Amino acid sequence: MQLTNLKVPAEQVSFLQAVRQGLGQQQGLFFPTLWPKLDINHLLTLPLAERSAKILSALIGDELSQEQVAAMVNHAFTFPAPLVAVNEQMHCLELFHGPTLAFKDFGGRFMAQALAVAQQQNKTTIVTATSGDTGAAVAHAFFRQPGVQVVILYPKGKISILQEKLFTTLGENITTLAVDGDFDQCQALVKQVFDNKALVSEFNINSANSINISRLFAQICYYFEAMAQVPAEKREQVVVAVPSGNFGNLTAGLIAKALGLPIKRMVAATNSNDTVPRYWQSGQWQPNATVATLSNAMDVSAPNNWPRVEALLAQGVISRSDIEAVAVDEDDTQLGMRLLAQEGYLSEPHAAIAYKALKRSLQPEEFGIFLGTAHPAKFKEQVENILGSPIALPQALAQCAAEPGLQQDIPADFAALERAIRQLVAN
Ligand SMILES: *Cc1c(COP(=O)(O)O)cnc(C)c1O
């Protein structure tokens, strides 16, 4: 499969090259221009790992053998993605049963596999920004992987304590930087690193953000897993709502649709960082300053995957009416959590936003799926405050919550980041 730089179309790379590079020239995103044909009905009869290997193999093409892809999938997708009924019409696709209790384990773990294949014996430094959950998924996926150093930037004080503890407590090859700024500033710093060609080649730097195509491809697979769990007679009525920040998750769902999965409509749900819903209404792309919300992993006002959505539209493989964009404010987020609790379903702010957006969009004959992107315990304090009842920590969280964080504080400034990278490799 050839991938094209969306900013510099003359730059064409293979899958493994795109995995290695992360971003193309002029910070362009890599993306396919042609899509494979899949036997959807057959795929929906297969178990998760076997089906995912077939989908990913079709996307990657013959650069990797089917056996290689199957082995990568078997290492990466070691946990289920159950579709849980909240009531007759609403269902949550629970994507938080991986080691760091968020959907980013799917992409992070598959990317670790892909990068190991792409880099072979070369030493690599991964520099990535996280709005909360990527950091943990990437840190755990690469922890103790030989030849790999990981540097994670996150906005200091703007992610939950448990989210933070899940990656700042690891140490060893995982360096964590608490940046005095917001997520967009962290993301901008990472982009500056990639603009610095000398630094990138000196330390063989790679990003593990959702801009890496391997993460995006991995995420396509759980939309198929959702559909496989929908009763056959309902499959033409499926509407999927995605709590969105950088819009990687939504893009993966749109790709699944473009590949022929019969998703009727995708609902892009945002919090008050509503650049996309406003754009969808007005046609004007006008990001505001990022505001902090309960759903902090979605506090992104300049979503970096949006050019890929535009590319799918331009390719004509999806159409504008396939996407509905809905913003959910803070009060409505809390209301969503309470409504779900009344239905007997314990949730957290991100999923609650998708649920609320879905509720606004869904027609009586439709089958609603909202994505549960994180385990409620990851947002223990907010969930307990809003619902007024205590929730228990799963073992993985309880363990690391008790350990000291090893992060360094840095200002939102490139020189400080460069120093940290140099220091790390010097050690
Ligand atoms: C990252 C994240 C999101 C947003 O996903 P994008 O792919 O960036 O749109 C939503 N919910 C949770 C819990 C997340 O960690």
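Not measured: the values here are computed from a predicted model. All ligand and atom numbering here is 1-based and tracks the order in the structure. One-based numbering along the sequence shown.
Aromatic ring pairs are classed by plane angle as parallel below 30°, tilted from 30° to 60° and perpendicular above 60°; the pair Phe15 and Phe110 is tilted. Aromatic ring orientation, Phe103 versus Tyr222: perpendicular (interplanar angle above 60°, classes split at 30° and 60°).
Heavy atoms of Phe103 come nearer than 4.0 angstrom to ligand 1 in at least one pair.
Considering only non-hydrogen atoms, atom 3 (C) of ligand 1 lies nearest to Lys104 out of Lys104, His375, His350, Gln219. Nearest to atom 10 (C) of ligand 1 by heavy atom, out of Pro243, Pro303, Ala351, is Pro243.
Close N/O approach between Phe379 and ligand 1 is not found [any backbone or side-chain N/O within under 3.5 Å]. For ligand 1, the polar-atom distance check finds no N/O of Ala297 at less than 3.5 Å from any of the ligand's N/O atoms. Not one N or O of Met298 is nearer than 3.5 Å to an N or O of ligand 1, by distance alone.
Residues Leu339 and Tyr355 have side chains in contact (heavy-atom distance under 4.5 Å, counting atoms from C-beta outward).
The two residues Leu48 and Glu225 make their nearest non-hydrogen contact at CB-OE1, 3.6 Å. Between Ala258 and Ile318, the closest heavy-atom pair is CB-CG2, 4.3 Å.
Contact atoms of ligand 1 toward Gly248: 6 (P), 7 (O), 9 (O) (distance under 4.0 Å to a heavy atom of the residue). Taking every heavy atom of Thr373 and a limit of under 4.0 angstrom, the matching atoms of ligand 1 come to 10 (C), 11 (N), 12 (C), 13 (C). Using a 4.0 Å cut-off to heavy atoms of Asn249, the atoms of ligand 1 that qualify are 7 (O). Atoms of ligand 1 found under 4.0 Å from any heavy atom of Asp133, numbered from 1 in the order shown, are 12 (C), 13 (C), 14 (C), 15 (O). Short contacts between ligand 1 and Ala374, defined as distances under 4.0 Å to a heavy atom of the residue, involve ligand atoms 13 (C).
Note on Lys378 versus Glu348: no salt bridge recorded, every NZ/NE/NH1/NH2 to OD/OE distance being 4.0 Å or above.
With Asp299 as reference, Asn271 is the one residue of Thr290, Thr270, Asn271 to meet the side chain to side chain donor-acceptor pair (under 3.5 Å) rule.
A distance below 6.0 Å separates the ring centres of His375 and Phe96.
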